[in-house]
K.L.:
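To start, I am sharing the structure in question, which I have written as structure tokens.
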Amino acid sequence: MEERDKRRVGEQVEPGGRPKAPGRLELLQRFVNSYNHDLPPDWDRIGTAEKAATWLRRKRLITPGDLVTEADAARLRELREAIRALVIANHGGRPDAAAAAVIRAAARAAPLAVAIDDAGGTALEPAQKGVDGAVATLLGILHEAQLTGHWPRLKGCRQCGYAFFDRSKNRSAAWCAMAICGNRTKNRTYYRRRRTAG
């Protein structure tokens with residue numbers, strides 16, 4: 001994969017050509033994939049306050065007038081990694097207690113409110129604006145995905161942690177792409193066995 005394409009991974013490009021998660025869950029998937037640990041740190045889309053502000057504005061999570069501080073960007077990165085831990089746990093493991101604590105703290109700082117439209121329909125909406133509103137929106141999507149049953153299909157690659165939506169019938173997909181991380185894992189296992197046998 002060329003560098004130009006690698007820089008688009010998580011936004012326009014999915015490893016292995018997988019379709020993105022359905023509906024609003026795609027936004028949460030993109031948030032987790034705003035950085036891939038296999039790529040250079042300066043490619044992190046929320047790695048600085050300026051980059052985080054640009055990413056949040058592009059996703060319409062904040063308005064042009066909303067400020068994003070370095071502390072906000074650090075909080076977003078911490079939340080991203082906590083949600084990544086949850087999607088990795090969707091392989092059947094138990095999420096790290098520290099990850100759940102980060103998400104609980106984020107939910108306390110970024111509350112959601114129940115909105116009711118004229119037809120009586122309800123929706124969860126951020127109670128605040130700015131970065132707290134963006135965090136609340138992301139957490140609302142996480143909650144919504146659990147209610148719809150889509151959440152268990154959002155998984156983290158066992159090799160690189162990249163979030164992908166598992167559309168397989170038996171929900172057994174383990175890697176973002178077999179040709180990339182699947183082969184790396186199998187090659188590593190093969191060489192380990194050869195070393196042990198020799």
Side-chain angles (χ1 to χ4, degrees), residues 5-48 51-62 68 72-107 110 126 131-167 171 173-177 180-181:
D5 290 331
K6 284 182 180 176
R7 287 184 179 271
R8 294 167 56 217
V9 166
E11 291 295 325
Q12 300 90 352
V13 174
E14 284 299 299
R18 287 181 186 274
K20 292 208 178 286
R24 288 180 6 121
L25 188 55
E26 179 185 335
L27 179 58
L28 190 66
Q29 178 187 16
R30 286 181 187 237
F31 176 64
V32 173
N33 293 336
S34 61
Y35 181 59
N36 183 320
H37 296 286
D38 280 352
L39 301 177
D42 64 317
W43 290 17
D44 188 338
R45 291 183 181 95
I46 58 173
T48 65
K51 286 180 176 181
T54 299
W55 191 88
L56 292 169
R57 284 187 189 111
R58 281 189 185 142
K59 302 298 179 243
R60 296 191 174 127
L61 288 167
I62 61 172
V68 179
D72 290 330
R75 187 165 52 112
L76 287 165
R77 291 190 300 273
E78 183 181 40
L79 177 63
R80 176 186 65 200
E81 297 311 314
I83 295 173
R84 187 188 311 275
L86 292 188
V87 298
I88 290 171
N90 277 343
H91 287 288
R94 188 163 177 83
D96 184 82
V102 166
I103 294 169
R104 266 189 226 103
V131 174
D132 285 339
V135 168
T137 298
L138 294 167
L139 294 178
I141 294 169
L142 189 156
H143 176 67
E144 179 182 287
Q146 292 184 358
L147 293 177
T148 62
H150 285 131
W151 178 251
R153 288 190 178 271
L154 189 65
K155 295 181 176 178
C157 176
R158 290 185 175 181
Q159 175 68 35
C160 70
Y162 190 87
F164 66 92
F165 193 76
D166 181 1
R167 294 177 187 273
R171 302 180 185 206
W175 301 292
C176 61
I180 304 168
C181 288

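Given the structure is predicted, the values throughout are model-derived calculations rather than measurements.
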K.L.:
So, Arg80 side chain and Phe31 main chain: donor-acceptor pair closer than 3.5 Å or not?
P.N.:
no
K.L.:
Output the distance between atom CG (Leu154) and atom CG (Leu142), rounded to the nearest 0.5 Å.
P.N.:
8.5 Å
K.L.:
To the nearest 0.5 Å, how far apart are CG in Leu138 and CD1 in Ile103?
P.N.:
11.0 Å
K.L.:
Indicate the atoms forming the closest heavy-atom contact of Ile62 with Ala134, along with that distance.
P.N.:
CG2-CB, 4.3 Å
K.L.:
Do Asp132 and Arg75 meet the salt-bridge criterion of a basic N to acidic O distance under 4.0 Å?
P.N.:
yes
K.L.:
Check whether any side-chain heavy atom of Leu28 lies under 4.5 Å from a side-chain heavy atom of Trp151, and answer yes or no.
P.N.:
yes
K.L.:
Minimum heavy-atom separation for Ala73 and Ala52, please, with both atom names.
P.N.:
CB-CB, 4.1 Å
K.L.:
Using side-chain heavy atoms (C-beta onward) and a distance below 4.5 Å, is Lys155 in contact with Phe164?
P.N.:
yes
K.L.:
How far does CG of Leu79 sit from CG of Leu139, to the nearest 0.5 angstrom?
P.N.:
5.5 Å
K.L.:
Looking at CZ of Arg45 and CG of Leu56, how far apart are the two atoms once the value is rounded to the nearest 0.5 Å?
P.N.:
13.0 Å
K.L.:
Could you check Gln29, Arg30, Arg24 and say which one makes a side-chain hydrogen bond (donor to acceptor under 3.5 Å, both in side chains) with Glu26?
P.N.:
Arg30
K.L.:
Keeping Asn90 on the side-chain end and Gly156 on the backbone end, is there a donor-acceptor pair under 3.5 Å?
P.N.:
no
K.L.:
Just verifying a value: how many Å separate His91 NE2 and Asp166 CG, rounded to the nearest 0.5 Å?
P.N.:
8.0 Å
K.L.:
If you compare all heavy atoms of Ala145 against all heavy atoms of Leu25, which two are closest, and at what distance to 0.1 Å?
P.N.:
CB-CD1, 3.8 Å
K.L.:
On a heavy-atom basis, which atom in Thr137 and which in Pro126 lie closest, and how many Å separate them?
P.N.:
OG1-CG, 3.1 Å
K.L.:
Grab the two heavy atoms, one from Gly149 and one from Pro152, that are nearest each other, plus how far apart they are.
P.N.:
O-CD, 3.3 Å
K.L.:
If the condition is side chain to side chain contact (heavy atoms under 4.5 Å, CB included), which residues does Glu78 pass it with, not counting sequence neighbours?
P.N.:
Val102
K.L.:
Closer than 3.5 angstrom, by distance alone: can the side chain of Arg84 be matched with the main-chain N or O of Ala163 as a donor-acceptor pair?
P.N.:
no
K.L.:
Which pair of heavy atoms, one from Arg77 and one from Ile46, lies closest together, and at what distance?
P.N.:
NH1-O, 3.0 Å
K.L.:
Any side-chain heavy-atom pair from Arg167 and Pro22 closer than 4.5 angstrom?
P.N.:
yes
K.L.:
Between atom NZ of Lys51 and atom CG of Asp42, what is the distance when rounded to the nearest 0.5 Å?
P.N.:
5.5 Å
K.L.:
More than 12 heavy atoms of other residues, nucleotides or ligands under 6.0 Å from NE2 of His37: yes or no?
P.N.:
yes
K.L.:
Determine yes or no for a side-chain-to-main-chain donor-acceptor pair under 3.5 angstrom, with Asn33 supplying the side chain and Tyr162 the backbone.
P.N.:
no
